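Keep in mind the model is a prediction, meaning the values are calculated, not measured. Letters A, B, ... are given to chains in the order of the sequence lines, protein chains preceding strands, and every chain is numbered from 1.
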Protein chains: 2
Amino acid sequence: MSTSERVPGEARPGGRTARNRDAVCRATLLELANHGYAALTVERVAERAGVHKTTVYRRWGGVDGLIVDALQFAVDDDWQPWLGGAVEDNLLELARVALRSFTDPETGPTHTAVVAAAFQSDEAINAVHDFFADRFGRSSRIITVATERGELPAGTDPLSVIRAVMAPIYFRLFISRESVSDDDIQQAVQAALAAARAGVFVMESISGE
Amino acid sequence: MSTSERVPGEARPGGRTARNRDAVCRATLLELANHGYAALTVERVAERAGVHKTTVYRRWGGVDGLIVDALQFAVDDDWQPWLGGAVEDNLLELARVALRSFTDPETGPTHTAVVAAAFQSDEAINAVHDFFADRFGRSSRIITVATERGELPAGTDPLSVIRAVMAPIYFRLFISRESVSDDDIQQAVQAALAAARAGVFVMESISGE
DNA sequence: AAACTAATGCGATAGGAGTTGCGTTTGTCG
DNA sequence: CGACAAACGCAACTCCTATCGCATTAGTTT
């Protein structure tokens, strides 16, 4: 009863099954880009993908499942942060790219939809959590490198700095619903760096010295 | 055509109309607390409030309208931040109260629902925006007072500091979906204060010196 | 290529959300 | 107290979402 979980689409990876997953994910992304999260329905996705709606319900369960899978489908697995300049410049670039990914009319609605879906389904929560853990983990190299160069105090927690940079942007976008200017981004970077230089993000050496 | 907007419930404030609004708002809050945002339906709210569902649809339009009105209904208009200690302590208290309002099983689901509703309706967006503008405006006194006491640089923008404190908390709660500990709160406060002391939030004097 | 089975297509159907028309109740004002 | 209008209750109806049983297609295996 533990290994008998049915996961449609994994037992027969070749041919039509894979093609359908591709078509459905693309259709989901297009529907999100055109009509937004609130208007996303299983039927329209199915029709656009040239697939029967029953198939979608069976394989993806519903709208939330579609969004989660579309995220994993659309994610760029090879993404890496830019490391070519000073910390400040690398963080600025990081924040600007992130903001653009939510304001760009092509990718924005999709990413926004995933954040929204996390309010309705636990799967989406996990998907979002894992996505940010992955991206922030990669982004932390910016801080690691900077620390090695002596630009930041030794022992600075990379993830804390990245979060401090990104949090105000996401906060304005999705919580307080304020507009986000480039000045705001610069301020977020400067604030995070000031805190980092002051040693606020230095990790406690728990396991001895 | 400009002043003829129908706003049911405002033309006849006495008696049943007001009672119904009260009952419906209470029912909405209870439903949210018990079943969450995703399970909130007009019919259940109507039944719980002892009101016909048609009435709810007519006066509130739907689920989003219910949530928006329930927010305004539940908001404490007399709220003021605590100003009794040092900046650091006042900000800590502020952040802890905010976090609690989202994790408390009684008020949490409601507040979370409002944030979630903002992903689906423009009215909710405005409601959330106004709510935060109001609360942050009041909270900024913490910074104003501290600046006058010389704890922070002259010209520090109060709202920026408040946002810097709160953003990481909301970010973890609703975006990256990480848990929020008291250490995280302390770190957020320390980071915001370090940036403020470094002058990152000092406003540019635009209109002359 | 023949047998086997996962995956899909199709129609029917239940169930809920939201709307509409109409009669009734209930504040409000003369 | 009586007239007027706002707000409400009620029932029927439409539309959409989601599910189910069964026939068919298409990958996989031998």
- Atom pair distance, as rounded to whole Å: CZ in B/Arg21 and P in D/dC8: 13 Å

- Task: Mind running ring-ring contact (aromatic ring centres under 6.0 Å, His included) on B/Phe119 and A/Phe174 for me, showing each step along the way?
- Result: CA-CA 8 Å; B/Phe119 283 89; A/Phe174 298 122; 5.6 Å; yes

- Query: Could you give the CG-to-C1' distance, from B/Leu66 to C/dG18, as a whole number of Å?
  - Reply: 13 Å

- Query: What nucleotide among D/dT17, C/dA7, C/dG9 has an atom nearest to a side-chain atom of A/Lys53?
  - Reply: D/dT17

- Item | Nucleotide of C/dA7, D/dC8, C/dG9 approaching B/Arg58 most closely (side-chain heavy atoms) | D/dC8

- Query: Base, sugar-phosphate alone, or nothing: which one does A/Arg19 contact when heavy atoms must sit under 4.0 Å apart?
  - Reply: sugar-phosphate

- Would you say A/Tyr57 reaches D/dA18's phosphate, i.e. side-chain N/O to OP1/OP2 under 4.0 Å? yes

- Task: Find the distance B/His52:NE2 to C/dG23:C1' and express it as a whole number of Å.
- Result: 13 Å

- Query: Okay, side chain of A/His111, backbone of A/Phe102: is any donor-acceptor separation there less than 3.5 Å?
  - Reply: no

- Item | Between B/Asp182 and B/Gln186, a side-chain donor and acceptor under 3.5 Å | yes

- Task: Report yes if at least one side-chain N or O of A/Asn20 is closer than 4.0 Å to OP1 or OP2 of C/dT8; otherwise report no.
- Result: yes

- Short side-chain N/O contact to C/dT8 OP1/OP2 from A/Arg59, under 4.0 Å: yes

- Item | Among C/dA7, D/dA11, D/dA18, the nucleotide that comes nearest once only the side chain of A/Val42 is considered | D/dA18

- Message: On DNA chain C, compare the nucleotides closest to A/Gly50 and B/Gly61; which residue's is nearer the 5' end?
- Response: A/Gly50

- Expected output: side-chain A/Arg138 to main-chain A/Trp79 donor-acceptor under 3.5 Å: yes

- Message: Both A/Thr54 and B/Thr54 contact DNA chain D. Taking the nearest nucleotide for each, which residue is further toward the 5' end?
- Response: B/Thr54

- What is the distance, rounded to the nearest whole Å, between atom CD of A/Glu47 and atom C1' of C/dG9? 15 Å

